[in-house]
Structures are given as C-alpha cells and as structure tokens.
Trainee: 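Dropping a structure here in structure tokens format, bear with me for questions.
As the structure is a computational prediction, the values presented were derived from the model and not from experiment.
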Amino acid sequence: MDLTGLSHLFVTVFLSGFASFTVVPSITDVTMLALCPGQDECSLAIYLTGCQQAIIGLGAMIITPLIGNLSDVYGRKELLTLPMTLSILPLVIMAYSRTTSFFYAYFFIRTLTAMVGEGSINCLALAYVADKVPDGQRASAFGILAGVGSAAFVCGTLVARFLSTAATFQVAAVMSMIAAVYMRVFLKESIPNGDGLRQPMLNGTPHGDLEKTTTQAFKRIPSIGDLICLMKSSTTFSQATVVSFFNGLAEGGIIASLLYFLKARFHFNKNQYADLLLIFGVAGTISQLLFMPMLAPAIGEEKLLSIGLFMSCTNIFFNSIAWSVWVPYAATVFSIFTVFVQPSIRSIVSKQVGPTEQVYGRLNWKK
C-alpha cells in the first residue's frame with residue numbers, strides 16, 4: 001500500500017494532535033484549582049465538563065455536516081484551515097494565565113471552537129484518506145491514520161510529563177500554530193478519481209457561480225428525513241450508526257468522569273495522569289500501526305469491531321470498580337484492542353458511500 005501521498009496529512013494530524021493531547025494531563029488539575037481550590041473532589045467540575053461535552057457534541061452535529069459539504073465544493077484543505085486556526089485560541093488563553101477568570105474565558109472559547117473543530121478535523125482527515133486510498137485498503141489506511149493520532153497522543157503526554165503546567169500550555173499553543181502553518185504550506189488538495197470535487201475557490205470560478213455553489217452546499221446539509229432515508233438505504237450503515245452512537249455515549253461518559261474519579265479516589269495528579277495516559281497511548285499506537293494493518297485484511301473489519309467493543313466494555317468495567325491504585329494501570333492493557341473500534345467503523349461506513357460523500361457518510365456515525 002503506497003502512502004506517500006498521505007505523508008503531509010500524517011504530519012498535520014500528528015502536529016495538531018500533539019498540541020491537543022499535551023494539555024490533557026494538566027487540564028483536570030487546572031479545572032479543580034480554578035473551581036474548587038484545595039479540594040480533591042469537585043462535583044461542579046464534573047458537571048461543567050459533562051455539559052461542555054454535550055454542547056460540543058450538539059454543535060458539532062450541526063456544524064460538521066456544513067463543513068463536510070463545503071469541503072466537497074472547496075476542497076478538504078481549505079476547510080481544514082478553519083478548525084485548525086480556531087483551535088489555537090483556547091490554548092493561547094491558558095498559556096497566558098490559568099486564574100479563575102481566564103479559566104472561564106478558556107472554557108467558553110473552547111466550547112465554541114470545539115463545536116467547529118472537535119469532529120471536523122478528524123472527519124476531513126479521514127475523507128482525505130478516502131479520497132486517496134482504494135476501498136480494499138482503507139481499513140489499513142484508517143488504522144495507520146489512527147496510529148499517527150495515537151503517536152501524537154504518546155508524544156504529547158510524554159512531553160507533558162516533564163513540563164510544568166504553564167509550559168505545557170505554552171508548548172501546546174506554539175505547536176497548534178505550527179500545525180496550521182504546515183498544513184497550509186505543504187498539504188496538497190485531494191480530488192477523488194481526479195474530478196470528483198469542484199473547487200471554485202481554487203479554479204477561478206466567477207463570483208456569481210461561487211455564490212451559487214456555496215448556497216448549494218448549505219442546501220445539501222442533511223435534514224432529519226435525509227438521515228432517516230440514509231439509514232434505511234443500507235442495513236450495514238444503520239447498524240454501524242447505532243453501534244457508533246452507543247460506543248460514543250460510553251466513551252463520552254468515561255472521558256468526562258474518569259480523571260476526576262481517579263483524583264477523588266486515589267489523589268492522582270498531573271504526573272500520574274500522564275503516566276496512565278502514556279501507557280494507554282503506547283499500547284494503542286503499537287496496536288494501530290502494527291497489528292491492525294495485518295489483522296484487518298485477514299479477519300475483516302466486522303470481527304475487529306466485535307473484539308474492540310468487547311474489550312472496551314471490559315476496560316470500562318474494571319475502571320469503574322477500581323479497588324487499588326494499580327487497577328487503572330493494569331486496565332490499560334485492554335487499549336491494545338479497544339483502538340480497533342473507530343478505524344473499523346470508519347472503514348465499514350466508508351464503503352457504504354460514494355467518493356464525494358465521505359464526510360457526509362462519516363459524520364453520521366461520528367455523532
């Protein structure tokens with residue numbers, strides 16, 4: 001499988017992911033210090049985090065289809081610019097100060113920018129891969145892309161382990177700027193099958209036609225009826241959507257509460273979070289870059305998905321009943337298999353839609 005045409009995309013995803021993941025071990029302590037200083041338990045922090053994720057999810061459900069449709073008109077690269085630029089703002093705020101007032105400013109800006117960038121960057125990157133890679137090789141390509149994201153997770157977490165909280169946000173802000181600049185300079189536009197995308201912004205379409213194509217892109221945003229019809233059109237697609245919804249529901253719940261649970265139960269701090277996330281990231285990276293490209297062609301995406309879902313349930317169960325500080329560390333071994341879930345669903349969904357519908361199809365399982 002020739003992946004040379006995806007090298008700049010992989011670098012872009014790595015840099016962007018590095019910036020995002022570097023702050024993960026620190027954000028729990030920053031949130032607790034801003035909202036409940038001097039305490040290891042803070043219900044307000046969990047409530048705000050949960051509400052933020054719900055708002056981001058609902059906003060992304062509306063905005064991601066729009067960005068996806070516009071990317072079919074203007075190209076993946078042009079639309080990647082918006083979320084990658086907006087993602088810089090909240091990091092800059094926290095790099096400047098982490099007092100309570102600045103935290104609330106970060107919280108508000110992060111909520112707004114994540115509605116644009118949380119799903120869009122990932123979906124556009126996946127669509128870019130689908131533009132470039134034939135159907136039969138997409139599972140492996142998606143696995144490698146996920147592995148690049150996991151590598152960014154590992155590197156970002158490792159850096160955070162040895163930096164102060166202030167330096168962590170400063171490094172993340174700089175890396176997010178570098179990611180946006182690199183993408184604009186080096187990433188080339190993808191056009192499926194040579195002529196699948198129309199890009200009037202790049203090809204000098206007259207102003208009137210440009211407005212017409214933009215209006216058409218807005219009109220193509222799927223309604224509830226469109227989504228229902230799409231679900232009915234393919235049993236496989238509808239099943240993948242249901243699986244993705246409930247898997248995302250479980251992941252959202254564990255992400256919103258696990259770090260706060262560990263802090264309340266075992267008094268975890270930034271360094272312990274980093275150690276835990278580092279083990280998880282290393283296991284996931286090895287699995288996605290080595291095991292999945294070999295297993296996907298051999299046993300198929302459906303069996304990989306079943307294995308990943310079962311291990312994900314097991315992982316959540318052991319974390320929920322953790323009786324000792326070593327249990328969360330031991331449970332990270334399941335991440336070798338849980339990382340199969342998303343690339344498998346992506347490959348299954350990608351095969352159900354046409355080359356110019358990759359973002360449209362993918363947004364339905366994403367949210």
Side-chain angles (χ1 to χ4, degrees), residues 1-7 9-14 16-18 20-21 24 122-123 125-126 128-130 132-158 236 239-240 243-244 246-248 250-251 254-255 258 274-319 327-351 362 365-366:
M1 180 171 56
D2 185 11
L3 298 177
T4 55
L6 301 175
S7 58
L9 176 70
F10 290 154
V11 174
T12 298
V13 170
F14 178 85
S16 177
F18 182 93
S20 299
F21 295 133
V24 172
N122 191 39
C123 286
L126 291 167
Y128 191 101
V129 172
K132 295 283 191 178
V133 179
D135 289 359
Q137 299 178 344
R138 283 181 187 168
S140 298
F142 289 153
I144 293 173
L145 179 64
V148 171
S150 295
F153 182 89
V154 170
C155 294
T157 303
L158 183 62
T236 301
Q239 291 172 344
V243 170
S244 181
F246 285 105
N247 181 68
E251 285 186 348
I254 197 70
I255 290 172
L258 179 59
D275 293 337
L276 182 66
L277 294 171
L278 190 60
I279 297 171
F280 173 85
V282 169
T285 301
I286 293 174
S287 179
Q288 288 170 321
L289 292 179
L290 297 181
F291 299 153
M292 189 166 183
M294 294 186 294
L295 292 175
I299 66 176
E301 297 92 333
E302 291 79 5
K303 290 184 179 179
L304 281 180
L305 177 59
S306 299
I307 294 171
L309 289 172
F310 176 76
M311 290 301 179
S312 180
C313 293
T314 306
N315 178 44
I316 293 174
F317 174 75
F318 276 104
N319 276 306
V327 175
Y329 291 99
T332 57
V333 70
F334 296 114
S335 64
I336 295 175
F337 306 99
T338 60
V339 294
F340 292 161
V341 173
Q342 293 300 334
S344 296
I345 297 178
R346 291 164 187 166
S347 180
I348 292 170
V349 171
S350 179
K351 292 177 181 179
R362 200 162 286 108
W365 61 259
K366 181 65 179 175

Trainee: Say you draw a straight line from CZ of F280 to CD1 of I336; how long is it, rounded to the nearest 0.5 Å?
Mentor: 11.0 Å
Trainee: Show your working on side chain to side chain contact (heavy atoms under 4.5 Å, CB included) between V24 and T157 and close with a plain yes or no.
Mentor: CA-CA 8 Å; V24 172; T157 303; 6.0 Å; no
Trainee: Can you give me the closest heavy-atom contact between A152 and G17, atom names plus distance?
Mentor: CB-C, 3.8 Å
Trainee: So do T332 and L276 actually touch side chain to side chain, heavy atoms under 4.5 Å?
Mentor: yes
Trainee: In Å, rounded to the nearest 0.5 Å, how long is the span from CZ of F18 to CG of L158?
Mentor: 8.5 Å
Trainee: Using atom types as modelled, flag every donor-acceptor pair under 3.5 Å from a side chain in residues 306-316 to any protein atom, sequence neighbours excluded.
Mentor:
residue: S306; atom: OG; partner: E302; partner atom: O; Å: 3.2
residue: T314; atom: OG1; partner: F310; partner atom: O; Å: 3.0
residue: N315; atom: OD1; partner: N319; partner atom: ND2; Å: 3.1

Trainee: I'd like to know whether OH of Y329 has more than 12 heavy-atom contacts from other residues, nucleotides or ligands below 6.0 angstrom.
Mentor: yes
Trainee: So I144 and L6, side chain to side chain contact (heavy atoms under 4.5 Å, CB included) or not? Walk me through it.
Mentor: CA-CA 11 Å; I144 293 173; L6 301 175; over 6 Å; no
Trainee: List the atom of L9, the atom of A125, and the distance in Å for their closest heavy-atom pair.
Mentor: CD2-O, 3.6 Å
Trainee: Considering all heavy atoms of both residues, which atom of G149 and which atom of F21 are nearest to each other, and what is their separation?
Mentor: O-CE1, 3.6 Å
Trainee: Can you list everything that forms a ring-ring contact (aromatic ring centres under 6.0 Å, His included) with F340? Sequence neighbours excluded, please.
Mentor: none
Trainee: How many angstroms lie between atom CZ of F153 and atom CG of L277, to the nearest 0.5 angstrom?
Mentor: 4.0 Å
